There are 2 protein chains.
Amino acid sequence: MLKLTKKADYGLMALKYLAEHPETPALSAKDVADAYVIPAQLLAKILQLLTKSGLLRSHAGMNGGYALARDARQISAYEVIHAIDGPFFITSCTKGTKSCELTPSCTIKEPLARVNETIAGVLKSISIQDLAESEPPPGRAREAQALVALTL
Amino acid sequence: MLKLTKKADYGLMALKYLAEHPETPALSAKDVADAYVIPAQLLAKILQLLTKSGLLRSHAGMNGGYALARDARQISAYEVIHAIDGPFFITSCTKGTKSCELTPSCTIKEPLARVNETIAGVLKSISIQDLAESEPPPGRAREAQALVALTL
DNA sequence: CTGAACGCGGACCGAAGAAGTCGGATATTG
DNA sequence: CAATATCCGACTTCTTCGGTCCGCGTTCAG
Ligand code: SF4
Ligand code: SF4
């Protein structure tokens, strides 16, 4: 529960990899799949999804592949997850298909919706660039966490 | 993906219901299940889990049932989720059983771990009491979200 | 012009997890 | 004792996730 899918995980890895190689015109799905150990065909489909969502530019044919459509700073983790796994919500009373039938009687729906928005905000504030910078920032996450705890 | 299980959902609803009835010595699983529409047997198991984790006090026999072990303010949503669904992490490289085998080569593990901590912090800052107060707070969640966006 | 390398798209399958059910044991009260 | 609870594990069913396969369209080097 409350777990990222592996596809989104792979997608983030691939985006980060592309961000680290800005000079190459295009990298094929196989290139990225080989860099890590993830299955090539699956990674290909993920990159196709990202392309369809406008996060990547693709180029078919020989020496083809993918490249970032925008600067790494302009791509948020939220967009990646949304592109791969669709609109996300932490409760079941969404997702259009098969929503929870006790939505009217439910009393915790609105508070959880607010939690959902907070989490979405966190994800939107993370860019691919942030992932690529591997320098361990001393305590920025801890500060953010403290702020959340104080203000909510 | 990134979705709360319905069990955790039910658990939060039950806790909130108990918090709203502080004067009753004990409420049976069936009482709570009837108040909402959730299946009684399933709710019973969830309450048992919460009892085992020390969030509830149980009393068997006639007129038995469950009651909050602590004040509603002292119980966080994080504890509830943790008690019901076990230790949670947004990535797959945890859960002890069947961790992702490319953990060493993965480069986005640490950044995601920080995101995970932030989300955990948000959940820890939500108490059952917060859920029970149904008054729609104008914009506290929005403020928190803005702060996160600024600091991360 | 031809074929290799690559992106696209759908169908498909096995494994895992979630939601819910059942049955029985035990404890408490009246 | 009988009724009402909690307790606990096994089980079935359903959905989703992870992954594979195959056929097609596109590009470009030789
Ligand atoms: S309506 Fe309430 S119980 Fe149903 S999924 Fe939404 S939050 Fe959970
Ligand atoms: S190791 Fe990396 S790829 Fe594997 S689950 Fe953790 S974050 Fe995802």
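It should be emphasised that the depicted structure is a prediction, and the values quoted were computed from it without experimental measurement. So you know, we letter chains A, B, ... as the sequences are listed, proteins then strands, and number each from 1. The basis for the numbers below is simple: all heavy atoms, side chains too, and nothing from hydrogens, waters or symmetry mates.
- For D:dT20, the base has a donor-acceptor partner in the side chain of A:Lys45 [N/O atoms by modelled type, under 3.5 angstrom].
- Closest to the side chain of B:Lys7, from the set D:dT20, D:dG18, C:dA19, is C:dA19.
- Atom CD in B:Gln48 sits roughly 12 Å away from atom C1' in C:dT26 (whole-Å rounding).
- Ion pairing between B:Glu133 and B:Lys16 fails under the 4.0 Å rule for side-chain N and carboxylate O.
- The shortest side-chain heavy-atom distance between B:Phe88 and A:Met1 falls under the 4.5 Å cut-off.
- Going from atom CG of A:Leu49 over to atom C1' of D:dG18 covers 14 Å, rounded to whole Å.
- We find that NZ of B:Lys6 is positioned 12 Å from C1' of D:dC14, with the value rounded to whole Å.
- DNA chain C lies under 4.0 Å from at least one heavy atom of each of the following residues of residues 25-43 of chain B: B:Pro39, B:Gln41, B:Leu42.
- Rounded to an integer number of Å, the gap from A:Lys3 NZ to C:dA16 P is 12 Å.
- Among residues two or more places apart in sequence or in another chain, the side chain to side chain donor-acceptor pair (under 3.5 Å) test is passed with B:Gln74 by none.
- Rounding to whole angstrom units, CE of residue A:Met1 and P of D:dC17 are separated by 15 Å.
- Listed by residue number, A:His59, A:Ala60, A:Gly61, A:Met62 are the residues of residues 50-70 of chain A with a heavy-atom contact under 4.0 Å to DNA chain D.
- As rounded to whole Å, 13 Å separates atom C1' of D:dG18 from atom CG of A:Asp9.
- Under the side chain to side chain contact (heavy atoms under 4.5 Å, CB included) criterion, B:Arg57 pairs with B:Ala69, not counting sequence neighbours.
- Here A:Tyr10 reaches the OP1 or OP2 of D:dG19: one of its side-chain N or O atoms lies under 4.0 Å away.
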Q | Worked verdict on B:Leu18 versus B:Ile128 for side chain to side chain contact (heavy atoms under 4.5 Å, CB included) | A | CA-CA 10 Å; B:Leu18 290 176; B:Ile128 298 299; over 6 Å; no
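- Applying the side chain to side chain donor-acceptor pair (under 3.5 Å) definition to pairs two or more places apart or across chains, those involving residues 25-49 of chain A are A:Ser28-A:Asp31, A:Lys30-A:Asp34.
- A:His82 places none of its side-chain heavy atoms less than 4.5 Å from the side chain of A:Leu123.
- Distance, B:Asp85 CG to C:dA18 P: 6 Å, rounded to whole Å.
- Evaluation of the side chain to side chain contact (heavy atoms under 4.5 Å, CB included) rule for A:Lys52 yields A:Leu49 as partners, not counting sequence neighbours.
- Between B:Thr51 and B:Tyr66 there is a side-chain heavy-atom pair separated by less than 4.5 Å.
- As rounded to whole Å, 9 Å separates atom P of D:dG19 from atom CD1 of A:Ile46.
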